[in-house]
Amino acid sequence: MKVLVINPGSTSTKVAIYENERCIFLETYEHSPEELAKCETLMDQEPLRRNCILSALEKAGFKIEDFDAIAARGGILPPLESGTYVVDERMVNYLKHESPVKHVSNLACVIAYELANGKVPVYTTDPVSVDEMVPEARFSGIPEIERKSLSHALNIKIVCRKVATELSKALEELNAVVAHLGGGISIAAVEKGKIIDVNNANDEGPFSPERTGELPVGDVVRMCFSGKYTKDELKKKFVGRGGLVAYLGTNDLRKALEMAKKDRNALLVVKAMAYQIAKEIGGMCAVLKGKVDAIILTGGMAHSNEFVEMIKEHVYKFAPIFVLPGEFEMEALALGTLRVMKGEEKAKIWGGPNG
Ligand SMILES: Nc1ncnc2c1ncn2[C@@H]1O[C@H](COP(=O)(O)OP(=O)(O)OP(=O)(O)O)[C@@H](O)[C@H]1O
Ligand SMILES: CCCC(=O)O
């Protein structure tokens, strides 16, 4: 079976071709800030991203009709169960016109559905809005605000599957704390394979390479009413220009670690990020009542041994630590679709915004 995998990220478009479980082609197209700035809205990026996919297909020597299915990254749908979903017109319309958060992953299903044009089935696995949180995790502190489950669910689930296999367990038997350490950070408590609590990677948790994470609420209110910022400026300050970018002017941990060799303040900033990550991991161990088979460190920043050690020194006593650097999103999308195509799992049908 052949599966085309589509994954638009904030600065790149990734395209892969899987022949059963084997990746036979992978191409990443980088997008410069200037190129993206020409698109006023997120959906204006559609032609640019679609052209990347068409170029990749030409390079690989395939047509859409050659595929048994397309696997597309899932965007911000209303909260939904983990699994692989059929991408249909209703889902595409929601992602195009109604999704409350203009996240780049919203583009993938829209483009895939148009390219498939009814000839090839399109699926999406574990979108950003997978929600398996327990009731007590939903409380924020005021009734008007409910905590949201918006996370790197796709990568979190696949690294859990990998570690479960290493521990000779089924995913449904694994208790783990997973820290996805990318441009944004999601730290999840996974109980019996389900993400029962996770920081909303845009609004909560540790500061990350380009996001502030949780902030002291009184100071945020003062900033909002200071008259110094528009709403958009503040949103960008918190998500995009926060974290390492705000302290050190870079979102690249490698550069921050280089700076830290000569500059004590830069070292302190990197250590503070590791400290906040460790604190969130500790909290999620408490969510699991200490019954933790594994602490899993994944995402781009897990490539740095130096940074991993800074986290480990705080949490090594809690559970065995597994480091799976980078992300496995393309593989997760392909495997999710293959499980459905091979009849190992039933595809879910999205019930619409109210269903
Ligand atoms: N070899 C490496 N050593 C240290 N840091 C690295 C390495 N490779 C990537 N990183 C860091 O990882 C971070 C980006 O991680 P990643 O590529 O997972 O993020 P992303 O895909 O852009 O965003 P997200 O994971 O939030 O979707 C950057 O700070 C980058 O500098
Ligand atoms: C909101 C979680 C996913 C991401 O940050 O890309």
Side-chain angles (χ1 to χ4, degrees), residues 7-14 28-31 33 36 42 73-77 79 99-108 124-131 133 147-159 178-188 195 198-214 235 238-261 266 269-270 273-274 277 296-311 323-333:
N7 187 359
S10 45
T11 59
S12 70
T13 302
K14 289 188 191 152
T28 302
Y29 296 88
E30 304 291 344
H31 304 295
L36 294 178
L42 177 68
R73 175 95 196 266
I76 308 222
L77 293 159
S99 179
V101 185
K102 305 299 167 217
H103 193 269
V104 64
S105 57
N106 290 356
L107 283 168
T124 186
T125 301
D126 289 337
V128 172
S129 50
V130 161
D131 184 352
M133 288 207 305
R147 291 188 59 229
K148 294 181 194 69
S149 180
L150 293 175
S151 74
H152 299 83
L154 184 63
N155 194 44
I156 290 173
K157 288 280 179 175
I158 190 167
V159 296
V178 183
H180 173 101
L181 309 174
I185 292 179
S186 298
I187 301 186
I195 301 174
V198 63
N199 67 288
N200 174 342
N202 278 328
D203 291 356
E204 302 173 331
F207 73 78
S208 78
E210 47 188 39
R211 302 180 194 171
T212 59
E214 194 171 305
K235 276 164 85 179
F238 298 152
V239 177
R241 298 193 195 130
L244 284 189
V245 174
Y247 286 116
L248 301 177
T250 179
N251 64 1
D252 188 335
L253 177 66
R254 287 160 293 202
K255 288 195 185 144
L257 286 167
E258 268 313 300
M259 290 164 84
K261 285 186 187 148
V269 169
V270 175
M273 184 163 68
I277 291 165
I296 307 173
L297 306 181
T298 183
M301 292 196 288
H303 280 293
S304 163
N305 288 336
E306 196 180 342
F307 189 60
V308 163
E309 286 306 319
M310 288 180 194
I311 301 169
V323 183
L324 281 74
E327 44 84 359
F328 304 85
E329 290 174 352
M330 302 307 272
E331 184 185 341
L333 289 168

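When a ligand or atom number is given, it counts from 1 through the structure's own listing order.
With rounding to the nearest 0.5 angstrom, the CD1 atom of I187 is 13.0 Å from the CD1 atom of I195. In this structure, NZ on K102 lies 8.0 Å from CG on L42, to the nearest 0.5 angstrom. The CD1 atom of I185 lies 4.0 Å from the CE atom of M301; values are rounded to the nearest 0.5 Å.
Residue N155 is tested with E329, H180, E331 for a side chain to side chain donor-acceptor pair (under 3.5 Å); the sole match is H180.
Side-chain atoms of M259 and V269, non-hydrogen and from C-beta on, never get closer than 4.5 Å to each other. Side-chain contact between K14 and M330 is present, with heavy atoms from C-beta onward closer than 4.5 Å. Looking only at side-chain heavy atoms (C-beta outward), N200 and R147 stay at 4.5 Å or farther from each other. Residues L181 and I311 have side chains in contact (heavy-atom distance under 4.5 Å, counting atoms from C-beta outward). Residues D131 and S129 form no side-chain contact, since every pair of their non-hydrogen atoms from C-beta on lies 4.5 Å or further apart. Residues K148 and P79 fail the side-chain proximity criterion, which asks for heavy atoms closer than 4.5 Å.
Near P209, the atoms of ligand 1 lying under 4.0 angstrom from a non-hydrogen atom of the residue are 29 (O). Interface atoms of ligand 1 facing H303, defined by a heavy-atom separation under 4.0 Å, are 1 (N), 2 (C), 3 (N), 7 (C), 8 (N). Interface of N202 with ligand 2, defined as ligand atoms under 4.0 Å from a residue heavy atom, comprises 1 (C). Proximity to S151 (heavy-atom distance under 4.0 Å) selects the following atoms of ligand 2: 2 (C), 3 (C). Atoms of ligand 1 found under 4.0 Å from any heavy atom of G184, numbered from 1 in the order shown, are 26 (O).
Contacts with ligand 1 closer than 4.0 Å are made by no heavy atom of E327, backbone or side chain. Of the heavy atoms in N251, only backbone atoms (N, CA, C, O) come closer than 4.0 Å to ligand 1. In H180, neither the side chain nor the backbone holds a heavy atom less than 4.0 Å from any atom of ligand 2.
Protein heavy atom nearest atom 31 (O) of ligand 1, with residue, atom name and distance: D252 OD1, 2.7 Å. The protein atom (non-hydrogen) at minimum distance from atom 6 (O) of ligand 2 is H103 NE2, 2.9 Å. Of the protein's non-hydrogen atoms, R254 CG, 3.4 Å is the one closest to atom 3 (N) of ligand 1.
Using a cut-off of 4.0 Å between Lys/Arg side-chain N and Asp/Glu carboxylate O, E306 and K261 are scored as not salt-bridged.
For atom 21 (O) of ligand 1, the protein comes within 4.0 Å by no heavy atom at all.
For a threshold of 3.5 Å applied to N or O pairs, the pair formed by H180 and ligand 1 contains at least one separation below that value. For a threshold of 3.5 Å applied to N or O pairs, the pair formed by G300 and ligand 1 contains at least one separation below that value.
Taking 4.0 Å as the cut-off, M301 counts as a neighbour of ligand 1 on heavy-atom distance. Residue contacts with ligand 2 leave out G184, since none of its heavy atoms falls under 4.0 Å from the ligand. Every heavy atom of K255 sits 4.0 Å or more from the atoms of ligand 1.
With 3.5 Å as the limit, one finds a donor-acceptor pair spanning the side chains of R211 and N202.
Distances from atom 14 (C) of ligand 1 to the heavy atoms of S12, G183, G243, S105 put G183 nearest. Residue nearest to atom 27 (O) of ligand 1, selected from H152, K14, M273: H152 (by heavy-atom distance).
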